[in-house]
Amino acid sequence: MREISTQTIVDAVKDASIQANLELGDDVVQALESALEYEESNVGKDIIKKLLENARIAREERIPICQDTGVAVLFVELGQEVSVKGGGLHQALEEGIRKGYKEGFLRKSVCHPFTRKNTGDNTPIIVHLDLVSGDKLKIWVVPKGGGSENMSRLFMLLPSAGWAGVKEKIVQTVAEAGPNPCPPTIIGVGIGGNFERSAILAKKSLLRALGTPNPDPELDEIEQELLTEINKTGIGPQGLGGRVTSLAVHILMMPCHIASLPLAVNIQCHASRHVEVVL
Amino acid sequence: MGKEYHLKTPLSVEDIEPLRSGDRVTISGIIYTARDAAHRKIMELIEAEKELPIPIEGQIIYYVGPSPAPPGRVIGAAGPTTSYRMDPFAPKLLELGLKGMIGKGKRSKEVIEAMVRHKGVYMAAIGGAGALMARAIKAARVVAYEELGPEAVRELRVESLPAIVVNDTLGNDLYVEGQKKYRIN
């Protein structure tokens, strides 16, 4: 067994949460830069330039890209030959977030559903844990803002809906969201599994770096087709009209029940934040 | 692109009426922040006919919950939040003389009608450009509901805060018009 101390995990998660919120990933910067080339609207171009400038200011001046530093979502792959020493894994992940949000001056955005009282430290966190082979601990820190999450949808379609039905619902979800989720967006799609798995797949698809193709050639083609359809809506940057409504569509798919065709569409704003740490 | 205007708060009807959907504005002076939790509290005071923590007449409310100010700064990131959560409250505030709202995203039919009736405008700031927007904020202090944390009501002194007029006093909607122009059927 390989031992990893909880302190190592706390420090890594703390640093990753700050980095994710202050430094827009190179893949997103590049996607915005290439979007500038095919945006036709002057207002749209101006907005994309301002988003790039915003990312530069955040990185240089060490303040968050967006004030909504999100609910802390963590995808974790725990190698089964790893032994966590000094406490619980979940507690260590949570302590890392608590510290990162305090020391990084990140906004605490978690509250009671009805009293709306803020929990004060951005916990509880949301962890998706997979046990895998090997002796590594992999953690993706993925802060997710409320604006784009609110526009996400889940559909339990009839199997007869097929690809046509799935594509229609995806484009419809983006069209109905309009300006609200801060376009240009990235559309995470989860197909199959069951009710909750489709939503997790949709979110997980957003971890793939922008500009990298889907490893499945058929899905890759459908992603391109959907992106073209979505960008025909004319929603454009910030919904003020233009060519670039979304930067990419990402699909993850798995088999499902013979009676079902679950579909989840998780909309991600242009501030797509994900930092990967391997311990 | 539309015209450019510089607005200085507090605003009069004369300041607002020439603005058209698609115009770009920069705003200077004092503006107030409030999100849905603060709106709900302000509405309770209005219903109870009690004194409000901020003036409404001629003012602008910016829908924002900033991130905490790091040492040496007046505020953290401060971009707009999605406005439709404030839709149930906005018509009443417009009736009381609110002249401007800054946020992002679509407004309801009721809010758009109230802007026409009471002469108000809705302006969009760039969602997700929180670091850039913070540059226009020169001073910030909490004036009510400190317990709400990021959702507390703040008084901001801004200089040339940039925004785009989405809904004007004639009922125009830039989200509808702008998208129509680029839609491919």
Side-chain angles (χ1 to χ4, degrees), chain A residues 21-22 40-44 46-47 50-51 53-69 102 104-109 111 116-118 120 145-148 150-151 177-183 231-243 245 269-271, chain B residues 1-2 21-22 24 35-38 40-41 64-73 75-85 103-107 124-135 147-152 162 164 166 174-185:
Chain A
N21 278 298
L22 271 50
E40 294 164 16
S41 142
N42 287 328
V43 175
D46 187 51
I47 287 165
K50 289 215 165 86
L51 293 178
E53 189 190 346
N54 181 69
R56 185 184 54 75
I57 295 170
R59 188 182 285 264
E60 286 174 11
E61 299 186 9
R62 309 305 292 164
I63 58 171
I65 301 158
C66 175
Q67 72 289 338
D68 186 356
T69 51
K102 184 165 193 287
F105 296 93
L106 308 180
R107 195 180 79 180
K108 289 75 182 170
S109 309
C111 72
R116 310 307 291 178
K117 187 176 168 12
N118 199 298
S148 56
N150 278 348
M151 294 294 116
N180 293 3
C182 286
N231 285 339
K232 281 182 189 170
T233 58
I235 294 168
Q238 295 293 308
L240 297 173
R243 214 48 325 125
T245 301
C269 61
H270 57 78
Chain B
M1 287 208 220
S21 147
R24 281 162 297 154
R35 292 169 46 105
D36 33 336
R40 197 166 63 174
K41 284 177 179 282
V64 56
S67 62
R73 299 189 76 100
I75 203 159
T81 193
T82 322
S83 306
Y84 71 94
R85 297 196 316 276
K104 66 166 170 96
K106 295 175 275 196
R107 305 313 302 264
I126 300 181
L132 183 70
M133 295 291 291
R135 286 198 158 177
E147 72 280 7
L148 293 178
E151 298 201 68
I164 299 172
V166 172
L174 183 60
Y175 289 132
V176 175
E177 295 306 315
Q179 292 175 24
K180 228 188 255 169
K181 233 163 104 182
Y182 292 94
R183 185 175 302 136
I184 300 169
N185 290 316

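In the text below, chain A, chain B and the rest are named by the order of the sequence lines, each starting its count at 1.
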Item to check | Stepwise side-chain contact (heavy atoms from CB on, under 4.5 Å) check, A:R243 with B:I184 | outcome: CA-CA 10 Å; A:R243 214 48 325 125; B:I184 300 169; 3.7 Å; yes

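- With chain B as the partner, the residue from A:N21, A:I65, A:D68, A:I47 showing the most heavy-atom pairs under 4.5 Å is A:I65.
- Both the backbone and the side chain of A:K108 have a heavy atom closer than 4.5 Å to some heavy atom of chain B.
- Only the side chain of A:L51 comes within less than 4.5 Å of a heavy atom of chain B; its backbone N, CA, C and O stay farther away.
- Separating the NZ atom in B:K181 from the CG atom in A:L240 is a distance of 11.0 Å, to the nearest 0.5 Å.
- Interatomic distance, CE of B:M133 versus CD of A:Q67, reported as 9.0 Å (0.5 Å rounding).
- Annotation: maximal heavy-atom pairing with chain B below 4.5 Å, among A:G178, A:G146, A:G145, A:P64, occurs at A:P64.
- Heavy-atom pairs under 4.5 Å with chain A peak, among B:G65, B:P162, B:G76, at B:G65.
- Heavy-atom pairs under 4.5 Å with chain A peak, among B:A37, B:G79, B:A69, at B:G79.
- Counting only distance, with no hydrogens or angles, the side chain of B:Q179 and the backbone of A:T233 share no donor-acceptor pair below 3.5 Å.
- Residue A:N118 touches chain B through its side chain alone, counting heavy-atom pairs closer than 4.5 Å.
- Under a 3.5 Å cut-off, the side chain of A:R107 and the backbone N or O of B:P150 do not form any donor-acceptor pair.
- A donor-acceptor pair is defined here as one N or O able to donate and one able to accept, closer than 3.5 Å; such a pair exists between the side chain of A:N180 and the backbone of B:K106.
- The two residues B:A77 and A:C66 come nearest to each other via the heavy atoms CB-C, 3.8 Å.
- For chain B, no part of A:A271 is nearby; none of its heavy atoms comes within less than 4.5 Å.
- Neither the backbone nor the side chain of A:A55 comes within less than 4.5 Å of any heavy atom in chain B.
- Note on B:R135, B:K104, B:R85, B:E151: by heavy-atom pairs under 4.5 Å with chain A, the leading option is B:R135.
- For A:S41, the parts lying under 4.5 angstrom from a heavy atom of chain B are both the backbone and the side chain.
- Of the atoms belonging to B:P80, it is backbone heavy atoms, and not side-chain ones, that fall under 4.5 Å from chain A.
- For the pair A:E61/B:P70, no side-chain contact is recorded, criterion being any heavy-atom separation below 4.5 Å from C-beta on.
- The nearest pair of heavy atoms linking A:I63 to B:A134 is CD1-CB, 4.4 Å.
- In this structure, the portions of A:Q238 lying under 4.5 Å from any heavy atom of chain B include both its backbone and its side chain.
- To the nearest 0.5 Å, the span separating CD on A:E40 from OH on B:Y182 amounts to 7.0 Å.
- Summarising the geometry, atom CG belonging to A:N231 is positioned 13.5 Å from atom CZ belonging to B:R183; distances are rounded to the nearest 0.5 Å.
- In this structure, A:G239 and B:Y175 approach most closely via the heavy-atom pair O-CD2, 3.1 Å.
- Rounding to the nearest 0.5 angstrom, the gap separating the CZ atom in A:R116 from the CG atom in B:D36 is 7.0 Å.
- Only the backbone of B:A78 comes within contact range of chain A, with at least one heavy atom under 4.5 Å from a heavy atom of that chain.
- Interface residue B:I164: only side-chain heavy atoms are found under 4.5 Å from chain A.
- Ranked by heavy-atom pairs under 4.5 Å with chain B, the first of A:G242, A:G147, A:S109 is A:G242.
- Contacts with chain A were tallied for B:G127, B:G149, B:P66; B:G127 has the most, counting heavy-atom pairs under 4.5 Å.
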